[in-house]
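Here the structure is laid out as C-alpha cells; the discussion comes afterwards.
This is a predicted model, so every value here is computed, not measured. Within every chain, numbering begins at 1; the chains are lettered A, B, ... in the order of the sequence lines, protein sequences first and strands thereafter.
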Amino acid sequence: MKRFGLSANERIKSRNDFELVYTSGEVLFSSSNRLKAAILIRNENEEAVLKTAFAVSRKCGNAVWRNRVKRLLRESFRLNKESLKAEVDSKRKFLLVVLSPNTINQKKNKKIILKDIMNDVIDLLNQIRAKL
RNA sequence: GAUUCAUGUUGGGCAGUUGCCCCGCUUACCAGCGGGGAGGAAAGUCCGAACUCCGCAGAACAAAGUGCCGGGUAACUCCCGGGGUGCCGAUUUAUUCGGUACACGGAAAGUGCCACAGAAAAAACACAGCCCCGAGUUUAUCGAGGGGCAACGGUGAAAAGGCAGGGUAAAAGCCUACCGCUCCGGAAGUAAUUCCGGUGGUCUCGAAAGAGAUCCCGACUUUGUCGGGACAGGGCAAACCCCACUUGGUGCAAGGUCAAGCAGAAGGUUUCCGCAGGGUUCGCCCUCGGACAGGGUUGUUCGCCCUGAGCGCCUUCGGGUAGACCGCUUGAUUGCAGCAGUAAUGCUGUGACGAGAUAAAUAACUGCCGUCCCGAUUUUUUUCGGGAAACAGAAUUCGGCUUAUAGACAUGAAUCAUCA
RNA sequence: UGCCCCGUAGUGUAAUUGGCAACACGUCUGACUCUGGAUCAGAAGACUUCAGGUUCGACCCCUGACGGGGCAG
C-alpha cells in the first residue's frame, strides 16, 4: 500500500454507503466553518475500514470550480490521512467520511489554492480522531 | 505610432517529487515496468443526422416545421453563388459601382382586426362643402324640397394611382401625354428575375368565365395571318388561413448478455416399530404406546414438558433487481499535394490517429525559462524584488448554429498625435 | 440525457382580439399625539430581464441570449 496513495477501494463508490452516511451519520464543521464532514462510525468489525468521498453541491459553482475543489480536498486528505488510518487500524473501526464545502463558493472564492483548504481538513481530521 | 471596435488564428514551455484513470507485459491479489490521458468552444441544447428498439399493406386527415431561385451535403432552420427590396457611401443627374440588412410564397379563395381622432378605416347610407332646378317670400350674399359631384378641407400610421393639359353647370381616368401598377407577347437566363414592345371603341350571345361580329392600331410571310387591359378592391398572414414541400415514435439511463438476494412455480425429502384400536376412495389417515431426533427445564445426568409441520432443507425452472460486461470509440475523421468547380464542396494520391471515466480519472507542489505590469538601480542595455495570465471540463458519436473568452499575432475601420 | 414553466415599482401579484402599465404591503412627507404605534391626507418609486425583428403602435406576437424554478428515467 502506498503511503500517500488513495486508491479506488479507499473511496466510497456505492450508493448504499452514501445513504448510510447521510441518514444515520453525524455532521462535523471545521473551526472556520468553511468545510463540513459527514461521518459514520461503527465499533464491532472484523477488519478496519476507512472509506472517503468528496461531494460538492451544484449550487456552489460551475463544473470547473467544483472539480477543482474536489481535487484539492482529495489532495489534502491524501497527505494527512496517516494518523487517522493508524488509529482506525489499531481500534478496528468502520469509518466512512464525506468531505464537502460549507460556506465557500465560487462567487466568494474565485481563485482557490491548496493552502486555503489544508488547515480546515487537518482540523476536521483531528475532530474525527477524537471521536474514535 | 498609440487607443478603441470588428473579424480570424493561437490558447505558454521544460524538468523534478507525490498521486489518479485506461491499455499492454511481468507477476500473483500486493506491486513493478512501458505507453497514453480534455476543448475551440468539450458549454447552451437551438437545428440536422448516424445508430437503437417499438410500430408499420396502402392512402387520406390532423399536428409540427420550412417558405425568392439555383447549387453543395448523409441531412439541415446550415454553407456557397445569383436575384429582388430597403438603407448608407462614392460617382453623377438618372444611372453605375461598392458596402450592409432582410422569416423575401399568397391580401384578386374566404374570415377577422385597424385603438384615439376623423364624415368615412374598405367595394362609402358623404360631415363641412361645390353645382343645377326650385315651392316660398322680406326680391336677397335668403331658401323647404329634389337632383348631380367627390375636386377641395381638417383627422390619422394609413384616405382609394401621381403630375400637367383638356373637359364640365360643378366634377370625375371622363379624355390625352409622361410616369407608375397590372396583364399580354417576344428575347436573355436552368430559374428567381431582367430587358424590349404593346396595353382602343361599338354591338350580339351568356348567370359568369368566355365566345363571336365589325371598325381601329401594330407586326409580318401583304389581302391574309397573328397580337392588342376591367386605371381595379389600403395595411396586417412573426392574425386565423390558402398553396407548395418535408416529417412515424423513441432516445446510449437507447438496446443487449451474465446474474447474488428477496419473492414465485414444479419436483424430491418430510423418522422407525406395534399379531394395539378406529376409519378408508386401499394410496393412506387419526388415536394410543414405545423407540429415535430436536428444543426447553437447574451447572451435568436421570426425570418431566413441548414438537415431529406441507415447516425446514435440497434440486430444477422462468422472468429478473443490486452488480458486472458489451454498446465505447477508426470516423459522413483529418493534415498536405494535385485535379474539377466562381465558391460551398467533390475526387485522387499520400501521411496521421495518442481520453473512454461511471459518486465519475486527466491533478497538486516546487524550480527554471518565455510574455505582460509595478517598484528600485542604470544614460540605455542589464540586474534585483513583487505580481498577473482568460472563457471554461469529455459522458454514444458526428455536421452546423448561438453564446463566453486574458494575453499574443494578422487584417480592416474610426479617432488622436507626429513627420513629409 | 431529454422535456416543461417563469422573469413587471423595494416585496407579493394584476393587466391578452396588440391601443393611457394597475392594486396591496413597504418607503418618504404632512396632520393627529408629550413621544411612539394605530389612523387620516398626499407624494415618489418601472427604460415590463437583455438584444434584435414584425407592426402605425409590443408587457402581449416572433427569434436569439441571460437568469431562476421544476419534471422523467
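Note on Arg71(A): every side-chain N or O is 4.0 Å or more away from OP1 and OP2 of A361(B).
Atom CG of Leu79(A) is separated from atom C1' of U17(B) by 12 Å (rounded to the nearest Å). In this structure, CG of Leu73(A) is placed 15 Å from C1' of G19(B), rounded to the nearest angstrom. A363(B) atom P lies 14 Å from atom CZ of Arg78(A), rounded to whole Å. Taking atom CD1 of residue Ile117(A) and atom P of nucleotide A363(B), one finds them 18 Å apart after rounding to whole Å. The CG-C1' distance, from Asn67(A) to A394(B), rounds to 11 Å in whole Å. Taking atom CH2 of Trp65(A) as the reference point, atom C1' of A404(B) lies 20 Å away to the nearest angstrom. C21(B) atom P lies 10 Å from atom CD of Glu10(A), rounded to whole Å. Atom NZ in Lys70(A) sits about 10 Å away from atom P in A359(B), given to the nearest Å.
No donor-acceptor pair closer than 3.5 Å links the side chain of Thr52(A) to the backbone N or O of Val97(A). Panel note: side chain Gln127(A), backbone Ile122(A); no donor-acceptor pair is recorded below 3.5 Å. A donor-acceptor pair under 3.5 Å is formed between the side chain of Ser100(A) and the backbone N or O of Ala55(A). Counting only distance, with no hydrogens or angles, the side chain of Thr103(A) and the backbone of Asn33(A) share a donor-acceptor pair below 3.5 Å. Asp123(A) places no side-chain N or O within donor-acceptor distance of the main-chain N or O of Asn119(A), the cut-off being under 3.5 Å.
Taking atom P on both U96(B) and C116(B), the two are 48 Å apart, rounded to the nearest angstrom. Taking atom P on both A65(C) and U66(B), the two are 15 Å apart, rounded to the nearest angstrom. Here, C398(B) and U330(B) have their C1' atoms 13 Å apart, quoted to the whole Å. Between A119(B) and U155(B), the distance separating the two P atoms is 11 Å to the nearest Å. Taking the P atom of each, G327(B) and U345(B) are spaced 34 Å apart, rounded to whole Å.
Side-chain contact check for Leu28(A) versus Ile39(A): some heavy-atom pair is nearer than 4.5 Å. Residues Lys51(A) and Asp17(A) meet the side-chain proximity criterion, which asks for heavy atoms closer than 4.5 Å.
A109(B): no Watson-Crick or G-U partner with both key distances under 3.5 Å is found in any strand. Nucleotide U202(B) is matched to A213(B) when pairs are restricted to Watson-Crick or G-U wobble geometry with both distances under 3.5 angstrom. Pair assignment for U269(B): G312(B), on the basis of Watson-Crick or G-U wobble contacts that are both within less than 3.5 Å. Using N1 to N3 plus N6-O4 or O6-N4 for Watson-Crick, or N1-O2 and O6-N3 for G-U wobble, each under 3.5 Å, A24(C) pairs with U11(C). With a 3.5 Å ceiling on both atom-pair distances, the Watson-Crick or G-U wobble partner of C339(B) is G346(B). As the counterpart of A31(B), U26(B) is assigned, both hydrogen-bonding distances of the Watson-Crick or G-U wobble pattern falling under 3.5 Å. Using N1 to N3 plus N6-O4 or O6-N4 for Watson-Crick, or N1-O2 and O6-N3 for G-U wobble, each under 3.5 Å, A60(B) pairs with nothing. When both pairing distances are held under 3.5 Å, C262(B) makes no Watson-Crick or G-U pair with any nucleotide shown.
Comparing C20(B), G393(B), G19(B) by their closest approach to the side chain of Arg11(A) singles out C20(B). Of the listed nucleotides (U362(B), A364(B), U358(B)), U358(B) has the atom at the smallest distance from the side chain of Lys13(A). Distance from the side chain of Leu114(A) is smallest for A364(B) among the nucleotides A364(B), G19(B), A361(B). Distances from the side chain of Arg74(A) to the nucleotides C365(B), U362(B), G393(B) place U362(B) closest.
Both Val64(A) and Ile113(A) lie near RNA chain B, and the one whose nearest nucleotide falls closer to the 5' end is Ile113(A). Nearest-nucleotide positions on RNA chain B for Arg68(A) and Phe18(A) put Phe18(A) closer to the 5' end.
Among the heavy atoms of the strands lying under 4.0 Å from Asn62(A) are primed sugar atoms or P, OP1, OP2 only; no base atom is included. Across all strands, Ala63(A) comes closer than 4.0 Å only to sugar-phosphate atoms, never to a base (heavy-atom distances).
For G385(B), the base is anti relative to its sugar; the glycosidic angle deviates from 0 by more than 90°. Classification of G283(B) as syn follows from a glycosidic angle within 90° of 0. In this structure, A38(B) is classed as syn because its glycosidic torsion stays within 90° of zero. Classification of G13(B) as anti follows from a glycosidic angle more than 90° from 0. Annotated as anti: U378(B), whose O4'-C1'-N torsion sits more than 90° from 0.
Remark: of the listed residues Leu35(A), Leu124(A), Val69(A), Leu124(A) is the sole one forming a side chain to side chain contact (heavy atoms under 4.5 Å, CB included) with Leu99(A).
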